[in-house]
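From a predicted model like this one, the values you see are computed outputs, not experimental measurements. No hydrogens, no waters, no symmetry mates; every other heavy atom, side chains included, goes into these values.
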Amino acid sequence: MAFKSALLAASLLSSLAVAQQIGTAVPEVHPRLMTARCTLANGCRPARNSIVVDAFSRSLHKVGDVNTSCTIGDALCKDAASCGKNCALEGMDYANKGVVTQGGSLTLNQWLLGTDGKYKTVTPRTYLLDESGKNYESLQLLNAELTFDVDVSTMVCGMNGALYFSEMEMDGGRNSSLNPAGAEYGTGYCDAQCPTLDFINGQANIGNKYGACCNEMDIFEANALAQSLTPHPCNATRVYKCSGADECGQPTGVCDKWGCSYNPYQHGATEYYGRNLTVDTNRKFTVVTQFLTDTGTAAGSLNEIRRLYIQDGKLIKNVAITPAAGLTVDSITNGYCQATASFSEQRGGLKRMGEAIGRGMVLIFSIWADDGGFMNWLDSGNSGPCNATEGDPALIVKEHPEAAVTFSNIRWGEIGSTYHTAVKCKKSLRAIR
């Protein structure tokens, strides 16, 4: 997990960057994604959300001239003011970025076959917009739950299909002069890895002096062989610009890059999640994540993150593990994090994570492969059954270019409301397509 955002950011920034003004060459049409809000009393109510692809995947060019590119530090973009004035952030062809939606379903592809007969890497990262399409949806899930269906059957060793929260600004850092594009064009990314980005909250990071830090809650980072659930608390609110190793690094920095991870395989539960196992990843399954508080209300402090699965209509409880002598748990608790993640506790632990969840976080969907570490941190060694080299993207694209993840039937609400009413939610989503 420690290298996730840095590696993904490097991939996204390898040939493209982000701008501030709004380009006119490619229309920005957000793919619709149906979701649902649920209560125990009234079941699930459908909502018409949409998604937007990350700004770092977009073309950066001179305003009014798509053939002249902008680069941080050049004459067009020598400081935040000139970047905001001279550079435009272009619209996106979503199909060409590997993003497909249908009703309440979102599919992200890692590779697409080009007209030259070769596969190109697209690795999309997308954000959930609210029903207005202007801002990100603010999910406030303290003493609540999030549920979704997922298909990772084509996600082999080395792949990562991720669904997670980040405490970004809901407008993406929109600013009338420096960043009029805002959330509508996917600006404002941050996470607990404090990635060094060309733009932070929509404004130019000249010289890459700062990192973009914020609280991060990894709900589901997974392929068909391994998965992880990880809170990453930070000693900051919303987007924080860190500077230097003391603020941006792991030992003393603002955020806990490693997090308090719950990966059953790491603690001996090797027959629980995977192909033909208890949670059978050859087929679609449902993931339920509950954020429980000490008072049983949204005003309380987060003290447990509970995971459940549903497959073939059957509820599957999270597998119990024993991470330390005398401690057996089947969820992320204060005791679990104290025993396994001292750095997380130094940043405020579950209480601090819960404060961010209570304020509202942005829901992110992504797919990526790891050129540098082959995703070993997720699925190799003590973390999973994959060997150290089969996660090489160069091998995956040759043998499994079809790698994709599908998230569907996304809903959230009161504890116990989303999975008891899952059938009702699905019927509602189909009815309004």
Side-chain angles (χ1 to χ4, degrees), residues 1-13 17-18 20 54-56 72-73 77-81 83 125 127 136 162 164-173 175 178-179 187-218 221 230-261 302 337-338 340-362 364 366 372-373 377:
M1 179 61 213
F3 304 106
K4 181 187 73 174
S5 64
L7 292 169
L8 184 53
S11 174
L12 291 170
L13 288 168
V18 61
Q20 309 311 297
D54 183 85
F56 291 105
I72 292 289
C77 189
K78 59 185 179 181
D79 54 37
C83 286
R125 181 171 65 202
Y127 311 117
Y136 299 126
Y164 62 107
F165 294 141
S166 191
E167 199 186 7
M168 300 159 60
E169 298 287 354
M170 295 306 150
D171 62 1
N175 180 288
L178 298 179
N179 180 28
T187 69
Y189 184 72
C190 60
D191 65 34
Q193 304 304 310
C194 300
T196 301
L197 305 173
D198 281 351
F199 286 77
I200 297 178
N201 225 12
Q203 298 187 26
N205 183 20
I206 303 298
N208 287 327
K209 295 180 180 179
Y210 304 103
C213 305
C214 66
N215 287 283
E216 175 185 354
M217 178 67 231
D218 294 330
E221 289 193 283
T230 312
H232 294 268
C234 301
N235 291 321
T237 300
R238 298 296 177 192
V239 185
Y240 179 81
K241 292 168 63 175
C242 71
S243 177
D246 287 346
E247 277 199 320
C248 303
Q250 174 62 11
T252 60
V254 172
C255 295
D256 176 24
K257 296 187 175 186
W258 297 348
C260 179
S261 176
L302 181 68
C337 291
Q338 290 163 6
T340 64
S342 61
F343 286 116
S344 182
E345 293 302 291
Q346 291 170 18
R347 273 76 166 192
L350 290 185
K351 184 177 186 297
R352 186 64 53 81
M353 189 75 256
E355 291 169 356
I357 293 170
R359 286 189 293 266
M361 303 183 79
V362 176
I364 304 173
S366 71
W377 64 268

Distance, nearest 0.5 Å, that separates [atom1] of [X] from [atom2] of [Y]:
X: Asn201; Y: Glu169; atom1: CG; atom2: CD; result: 5.0 Å
X: Leu350; Y: Leu302; atom1: CG; atom2: CG; result: 5.0 Å
X: Thr187; Y: Leu197; atom1: OG1; atom2: CG; result: 11.5 Å
X: Tyr210; Y: Tyr240; atom1: OH; atom2: OH; result: 10.0 Å
X: Glu345; Y: Cys260; atom1: CD; atom2: SG; result: 7.0 Å
X: Asp54; Y: Tyr127; atom1: CG; atom2: OH; result: 3.0 Å

Problem set entry | Worked verdict on Ile200 versus Asn205 for side-chain contact (heavy atoms from CB on, under 4.5 Å) | CA-CA 6 Å; Ile200 297 178; Asn205 183 20; 3.7 Å; yes
Exercise. With distance as the sole criterion, is a donor-acceptor pair present between the side chains of Gln346 and Asn235 under 3.5 Å?
Worked result: no
Exercise. Any chance the SG atoms on Cys194 and Cys248 come in under 2.5 Å?
Worked result: no
Can you see which heavy atom on [X] is nearest to which on [Y], and at what distance?
X: Trp258; Y: Phe343; answer: CZ3-CE1, 3.3 Å
X: Val239; Y: Cys190; answer: CG2-SG, 3.8 Å
X: Thr252; Y: Ala245; answer: OG1-O, 4.2 Å
X: Ile72; Y: Ala204; answer: CD1-CB, 4.1 Å
X: Ile364; Y: Ser166; answer: CD1-CB, 3.5 Å
X: Met353; Y: Glu216; answer: SD-O, 3.4 Å

Exercise. Given the rule in the disulfide bond (SG atoms under 2.5 Å apart) test, do Cys234 and Cys255 qualify, once you have shown the distances and angles that lead to the verdict?
Worked result: CA-CA 4 Å; Cys234 301; Cys255 295; 2.0 Å; yes
For this session: Dump the intermediate steps for side-chain contact (heavy atoms from CB on, under 4.5 Å) on Arg359 and Thr237, then the final yes or no.
Result: CA-CA 9 Å; Arg359 286 189 293 266; Thr237 300; 3.6 Å; yes
Exercise. For residues 230-244, which residue pairs qualify under salt bridge (charged side-chain N to carboxylate O under 4.0 Å, His left out), counting only residues two or more places apart or in two chains?
Worked result: Glu167-Arg238
Exercise. Any salt bridge (charged side-chain N to carboxylate O under 4.0 Å, His left out) pairs touching residues 346-355, not counting sequence neighbours?
Worked result: Lys351-Glu355, Arg352-Glu355
Exercise. Would a 4.5 Å heavy-atom cut-off, applied to side chains only, mark Met217 and Tyr164 as touching?
Worked result: no
Seminar exercise, completed: From the list Asp218, Asn215, Asp191, side-chain hydrogen bond (donor to acceptor under 3.5 Å, both in side chains) partner of His232 resolves to Asp218
Problem set entry | Donor-acceptor pair, side chain of Ser344 and main chain of Cys337, under 3.5 angstrom | no
